[in-house]
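Have a look at the structure below, then the notes.
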Amino acid sequence: MPRSVGARVLRHEDPRFLTGQGTYVDDVQLPGLLHAAFVRSDHAHATLLGVDAAEARAVPGAHAVITAEELEGEVAPIRALVGTPGYQECDMPALATGKVRFVGEPVALVVADSRYSAEDCAAAVRVGYEPLPVVLEIADALADGAPAIHEEVSDNLYNSFETSTAGIEKAFEDADEVVELELTQQRYGAAPLEGRAAIAHWEAGQLTVWLSSQVPHIARTGLAKFLGLAESSVRVISPDVGGGFGPKCVVYQEEVALAAASRRLGRPVKWTSDRSEDLLTTIHGREQIHRVRAAATAEGRVTAVSVEILASNGAYAPWPFGAGLDSGMASENVCGPYDIQLYERDVKAVATNKAPMGPYRGVGRVMACLTIERVMDELASRLELDRLELRRRNLVESFPYETATGLVFESGDYPRSLELLAEAIGWEQTSAEDEGLGRRGRLRGLGVACAVEHSSYGPQSLGSRKMEMTFGYDSAALRVEPDGTARLALGLHNHGQGHQTTMAQIAADELGIDPAKVEVAYGDTDSAPYGAGTWASRSTVYCGGATVLAAGDVREKMLAIAADMLEASAEDLELGGGRISVRGSRARGVDFEAVARRACHQPDLLPDGIEPGLESTRRYEAPDPGSFSSAMHAAHVEVDPGTGEVTVLDYAVVEDCGTIVNPMIVEGQIQGGVAQGIGGALLEHLVYDERGQLVTTSFIDYLLPTAMEVPAIDIVHLESPSPNTLGGWKGMGEGGAINAPPAIVSAVNDALGRLGIPPASHTPLTPEWVVEQVRAHAPEARMEAR
Amino acid sequence: MKPPVFDYHDPETVEEALDLLAEHGDEGKLLAGGQSLVPLLNFRLARPENLIDLNRLGSLTGIRREHGSLQIGAMTRQSTMEHSALVAENWPLLTEALSYVAHAQIRNRGTIGGSVAHADPAAELPVAFSALDSRVRVRSARAERTIEISDLFVTHLTTTLEPDELLVGIEVDPVPERTGHAFVEFARRHGDFALGGAAVLLTLDSSGSCERAAIALLGAAPIPVRATDAEQALVGAAIDEKAIAAAADAAIADISPTGDIHGSAEYRRDLCRVMVRRAIAAANRRAKGEPEPESSNGVID
């Protein structure tokens, strides 16, 4: 039977989703279910004077109005513990205590018969505020005498550190060219189709929480801790989850408050965020400023990079990651796929009166990629070199390659990737065609962006972050049932990644059966083995590895039983096509089902020393420091100088994620990521006004790309297996979101450069920005555009 | 995001609806397609005590030609008009305008009368009807009247309809021979509220000079506005680059759009000029029967 790994197996989960049979948290109904709404701060920074709930409690249908005071002693503040030097921790109370620090922060929890009456009740709660000075921009937060957002966080710096390679100063002194740029990136976020949602049910001393989460076990650990419960008395069930993208791997205030409310009321309580709540309060992403200096030779070899990284981390540090994630990960990856050994960084994670920032697909690395790719384009322009040629001169060529920040790229072929990319987008021909003012006065341009995606971090690599827990492993529990079907329970979660399919493919190959016979389970902490869920492109390597180990155990046992049944030696047997047979002689074999039946139902016939049953639970630790996929993107855009519209005409991606389990699913990950990247490049922006009010609180104003804004994407695969991971897999899933903004910026700069417009070093590139540039530098082009 | 409590009425006849309006007009709100009202209710930006649902009033639906004029029932779905061959052949400006209205799912529910009565200055239909010098037919329990579209809009989301009046239909006169049309707009994404746009009708005489021009601006003011100076500047002229540029300048001379995060007032004003320029050029091309240029992204731009 051909191997299933590598095949375009149709997704096992799709019939359920496509026929509307998915079960999301909001679909769960329980007897006696009550509904919650939150009273949220409408101030960005203010002292809380008091909460008056008298009128609210009289609203028909109201059951309870719960404030911070009432939770005192019942719940502990959420506090991310991070032990690295230069890190300052802070408390995040379940309900605002003493003061509020961002618009949308939960102040009180209202429980009522229905969501309708809960909202009526929440509207009747009166909250007294004494406004404090609001700190929104990074520069304001770092200014001398800036108002402190947390007493515990001096200078509004959650995190601050510097590193430098010896000899870097000399490289700048000796440089033929020094490029200096300041780059800025807006705040934008995940906006999953399903917003956050939870049901807390306290019953007989046990807490069950249905939670739209990427990390059910981590959520259980957190909820038990903050509610003072034994972890064994808490069960978290994360059923179908309508997209995560990072923000659903932290524990939120609402979840802790909801559990406390259920414990108090003895009734299940549901809260489903509406879109405004989701945009206001679900972890935001991005918002960084980079100031970079790069030294280079006259031949275009970049010899040294120095970067100052500033991130606006908002009002709190999410648990368990803390507030150092974005800026730290950006700083590890600024040199991208390029051989640059001299590197220094000055990294700051800054507290501001905006929603907390945390994990979002491509954490930190979007900005790292924008930074180095702008350096490359700038250098190419100064040296009058083709942009691809300049990159070729700098790409890492031999593996393993250790970077200046201690990452080890284990395998790949970056020059070949770039070559394939040039072919896919038609770089030379398209460049030539794009010269001058195009059809109807439109401008066209090509852009490129290259990145390496660090995933499946090893335990030491994650341990160096000194968080409360290290997630460098995951688990798989495989059981073959008496009828020969298999059940694979995993520590991951599945919210768009297709794990129900890919993990079945991996297990099926190990057992020599059809993937359709493998049922994949996850998401319920009572039945899945402890694991860290799905984020950071970790699951294929970790859970795939654990599956290989667990399936290997079961396979060996089945071979031993089959050997006994066939009176052959186990070493002479092979599995495949649902049979276990003597190598080369399929007829001399037994059906997989017969061996399963013997193991489970006929212990009397088992050979001596073989325990009945076919089960194994295994853990797999990823190799340090992790696996490294590469992604190279090219965008072809058209710019309308009249309106400022940017249209992405063509898009090509060369992805190398090692051995591919399912190319169709890899392509889906790339397409979705590129769509999010196009959003970040051109459309998506969480805009705060000068008082710290989020202006973009609905999809009228928060602009996600639609099918109309996303072109068909040409995807080319290169497979350089990882020599370090089981299966040769490397994590992937974020590259699309990482490379697309810099690729589009590069393309727009190419187009506008035809009019002598200086290149952009920021996102998003809005129509108004484009029009301003054209008006300032080439007003006549506006009349040409039709 | 749930509305506060309201009473719900679903009359089966126009007369019943008018009686309910007479009773609750001040504290009532009419529910047509619900594509604007329901979000307003859910955001609690509209808090009517009574909701009068018009969806059972079959007599208010339909598109037909009477004595050459187009008669559109107020409850006709936008998608019905979008796919009407009668409209496409004789009033193609409306068909083109509808291609910009939100998305197919919304047009399946949204109604023609609802969009006009809602009076959003960023909506396409009121602008197209303005360019076409349309009239709306209005009924109340007291009386029946016809309002010229130029007398309908007061300001953002406000019309001259009385609280007890129901917009029952829209009338559009035939478009003269040798008329070219164009509806153009620009939005951040396809289907969004436009940052600016223009509807143009140009009637040429046999020599190719402009006999009559109608230019209505989208998103330029709190109501759809007609650029009368620009229209007059075009009449009698040959439509060349210079005439188009002059008309576009005249069209934005007196407008002051409202800026927001998607575009400042200055950007929007400038965009209206670009839109007018492109719309006049396209209308002129069509009036002369010239071929359509190819488009890179599937929409006329």
Could you check whether atom [atom1] of [X] has more than 12 heavy atoms from other residues, nucleotides or ligands sitting under 6.0 Å from it?
| X | atom1 | answer |
| --- | --- | --- |
| B/I261 | CD1 | yes |
| A/Y688 | OH | yes |
| B/E241 | CD | no |
| B/D254 | CG | no |

Item to check | A/E709 versus chain B, the contacting section by heavy-atom distance below 4.5 Å | outcome: side chain
Item to check | Which portion of A/T696 sits near chain B, non-hydrogen atoms under 4.5 angstrom | outcome: side chain
Checklist entry - Does any heavy atom of chain A fall under 4.5 Å from the side chain of B/P39, the backbone, both, or neither of them? => result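 Answer is neither: B/P39 stays 4.5 Å or more from chain A.
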Side chains of [X] and [Y]: does their closest heavy-atom pair fall under 4.5 Å?
| X | Y | value |
| --- | --- | --- |
| A/Y116 | B/P4 | no |
| A/L703 | B/H262 | yes |
| A/L682 | B/R188 | no |

Inter-residue atom distance [X].[atom1] - [Y].[atom2], 0.5 Å rounding:
| X | Y | atom1 | atom2 | answer |
| --- | --- | --- | --- | --- |
| A/R275 | B/N42 | CZ | CG | 14.0 Å |
| B/M1 | A/S273 | CE | OG | 9.0 Å |
| B/K2 | A/S117 | NZ | OG | 11.5 Å |
| A/F699 | B/D192 | CZ | CG | 12.0 Å |

Checklist entry - Who among B/A281, B/A245, B/S264 has the most heavy-atom pairs with chain A under 4.5 Å? => result B/S264
Next on the checklist: I need the contact set between residues 764-776 of chain A and chain B: heavy-atom distance under 4.5 Å, sorted by residue number.
Outcome noted: A/T766, A/P767, A/E768, A/V771, A/R775
Next on the checklist: Could you go through A/T643 and B/M275, starting from their C-alpha distance and side-chain angles, then the distance that decides it, and tell me whether this counts as side-chain contact (heavy atoms from CB on, under 4.5 Å)?
Outcome noted: CA-CA 8 Å; A/T643 61; B/M275 295 290 100; 3.5 Å; yes
Checklist entry - Would you find a donor on one side and an acceptor on the other, under 3.5 Å apart, between the side chain of B/R44 and the backbone of A/A123? => result no
Next on the checklist: For A/M708, is there any backbone N or O sitting under 3.5 Å from a side-chain donor or acceptor partner on B/R189?
Outcome noted: no
Checklist entry - What residue, out of A/T706, A/V695, A/D701, A/V687, has the most heavy-atom pairs lying under 4.5 Å from chain B? => result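 Sorted descending by pairs with chain B, the first entry is A/D701.
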Checklist entry - Are the charged groups of A/R782 and B/D270 less than 4.0 angstrom apart, N to O? => result yes
Checklist entry - Under a 4.0 Å N-O cut-off, is there an ion pair linking A/D640 with B/R278? => result yes
Next on the checklist: Tell me every residue that passes side chain to side chain donor-acceptor pair (under 3.5 Å) with B/R269, counting only those two or more places apart in sequence or in another chain.
Outcome noted: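 Per chain and number, B/R269 pairs via side chain to side chain donor-acceptor pair (under 3.5 Å) with no residue.
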